[in-house]
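Worth saying up front: this structure is predicted, and the values here are computed from it rather than measured. Residue numbers begin at 1 in each chain, while the letters A, B, ... track the order of the sequences.
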Number of protein chains: 2
Amino acid sequence: MPRPTKQNPERGAARTRLLEAARDIIRAQGFAATTVDDLCKSAGVTKGAFFHHFESKEALGVAAAAYWAETTSAFFAAAPYHAHADPLARLLGYLDFRKEIIQGDLAEFTCLVGTMAQEVYGSHPIIREACAASIFGHAATLEPDIAAAMDARGIKADWTPASLAAHTQAVLQGAFILAKATGDRAIARDSVDHLKRYIDMLFTTNSGREGLQ
Amino acid sequence: MPRPTKQNPERGAARTRLLEAARDIIRAQGFAATTVDDLCKSAGVTKGAFFHHFESKEALGVAAAAYWAETTSAFFAAAPYHAHADPLARLLGYLDFRKEIIQGDLAEFTCLVGTMAQEVYGSHPIIREACAASIFGHAATLEPDIAAAMDARGIKADWTPASLAAHTQAVLQGAFILAKATGDRAIARDSVDHLKRYIDMLFTTNSGREGLQ
DNA sequence: ACAAGCATACCATCCGGTTGGTATGTTAAT
DNA sequence: ATTAACATACCAACCGGATGGTATGCTTGT
């Protein structure tokens, strides 16, 4: 869709630059506090360009969630933890990878769609749905490894691969909130450690094979 | 400070009513999307009353977090799980209690300070701090039971009571995000179940007594 | 009399969205 | 090969309503 010209090679990139601006600014300020002008200024385009590409601010929110889903799924697909032969090692490797990327500024490693979902679940159901699709689409990539690890160890539990995959995302989202509340990244990594310990115990002790309660 | 009159017994309650309105509306819409007029309308007072009691919208955010800390700490202090004799039973009872109160409308059981912290951590550091105080003040109430349970079972681990207490709050906050994203309360309860299973295993298997990594 | 607890009215600014226009590129009939 | 017709990408200026905050004054209890 982009149509660059000879004089201005940046032409045609307005949409992408607005989505990148949205990704960065919304993570730092939230959706409601981010104005269309903020986005235009950061992207270096005018409001006319904004409303040419997006019907409304709400539509940008949906597009930003979709863009997030695309870019992060490519990012994780390229991550090294997939190289492990054992599915449990891949799962724990995923969590190590998540721990590794918890660094730098808060707005750089926290989750756009988690932030947006929390904020707009009541007022913008369309954005909420796009965020849910991104979160659970990502969680779904963990399920095959979880199922394979259960299979390999003959584990019959009262929890499902989908449930554990969702739980990993809950822990990560919650870890981000604690990090934002304290300003401390370490507390987020600590929660991921607890999650790793849980999963390790689930697959390496007998307790994991019997139901709770 | 309230000064009720004979004609209008509600007089003097403006501040409290504004805080209650803030608790309810901010949980449903977020802090930035909640206008001062929204709050005044819901509390049944005028803007003059609002700015008589609060210097600014930001000041109301801080007061709302403090009010949340007060009311929830009283709420949990009165909960039945404290009756258990065994500290581990109290800890698991706390999580059962948290599960039980996940019902009704989303804005009724989710956490005000978690929502606010996520949204304003960058733009309103004062509110962020008040939210952190509320979250970790609540987490601190779990630490004595965790420490006692470790003691009773002679557990020497590479995690601290404070770290596990923080993790429980991370799981709860994350569970709320997933619930908001999907509109489904059950997924939040599932995460609490995983957390219960984790804590159960930590204290009832040998794996919990050795370090991860 | 005086201060606390409000209400009314008002303001300056901001914000999402619109309008009209220009520059560039594509399609297809002649 | 030219050109008319159309589409895409973007800009500058503007608009109406909303928003946080203020100025002022009225009530009520002490």
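Per the geometry, CG belonging to Leu60(A) stands 11 Å off P belonging to dG17(C), to the nearest Å. One atom, NZ of Lys41(B), and another, P of dA18(D), lie 11 Å apart when rounded to the nearest Å. Across the protein-nucleic acid pair, Phe50(A) atom CZ and dC10(D) atom P stand 13 Å apart, rounded to whole Å. Rounded to a whole Å, the CZ atom of Phe54(A) is 16 Å from the P atom of dT18(C). dT24(D) atom P lies 17 Å from atom CZ of Phe51(B), rounded to whole Å.
The phosphate of dC10(D) (OP1 or OP2) has a side-chain N or O of His53(A) nearer than 4.0 angstrom. For dC6(C), neither phosphate oxygen OP1 nor OP2 lies less than 4.0 angstrom from any side-chain nitrogen or oxygen of His52(B).
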Residues Arg27(B), Asp105(B); criterion salt bridge (charged side-chain N to carboxylate O under 4.0 Å, His left out); working and verdict: CA-CA 11 Å; Arg27(B) 281 198 288 178; Asp105(B) 205 39; over 6 Å; no
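Under the 30°/60° scheme for interplanar angles, the aromatic rings of Phe76(B) and Phe97(B) are found to stand perpendicular.
One cannot find a donor-acceptor pair under 3.5 Å joining the base of dG17(C) and the side-chain atoms of Lys57(A).
Between the side chains of Tyr94(B) and Arg90(B), no donor-acceptor pair is found at a separation under 3.5 Å.
Contacts between residues 30-40 of chain A and DNA chain C, counted as heavy-atom distances below 4.0 Å, involve Thr34(A), Thr35(A), Val36(A).
Under a cut-off of 6.0 angstrom, the local environment of CD in Glu108(A) is crowded, with over 12 non-hydrogen atoms contributed by other residues, nucleotides or ligands.
Out of dA12(D), dC6(C), dG20(D), the shortest distance to the side chain of Lys47(B) is found at dG20(D). You'll find that the side chain of Ala49(B) is closest to dA7(C), out of dA7(C), dG17(C), dG21(D).
Applying the side chain to side chain donor-acceptor pair (under 3.5 Å) rule to Thr35(B) yields the partners Asp38(B); only residues at least two apart in sequence or on another chain are considered.
Separation of the His138(B) and Phe75(B) ring centroids does not fall under the 6.0 Å cut-off.
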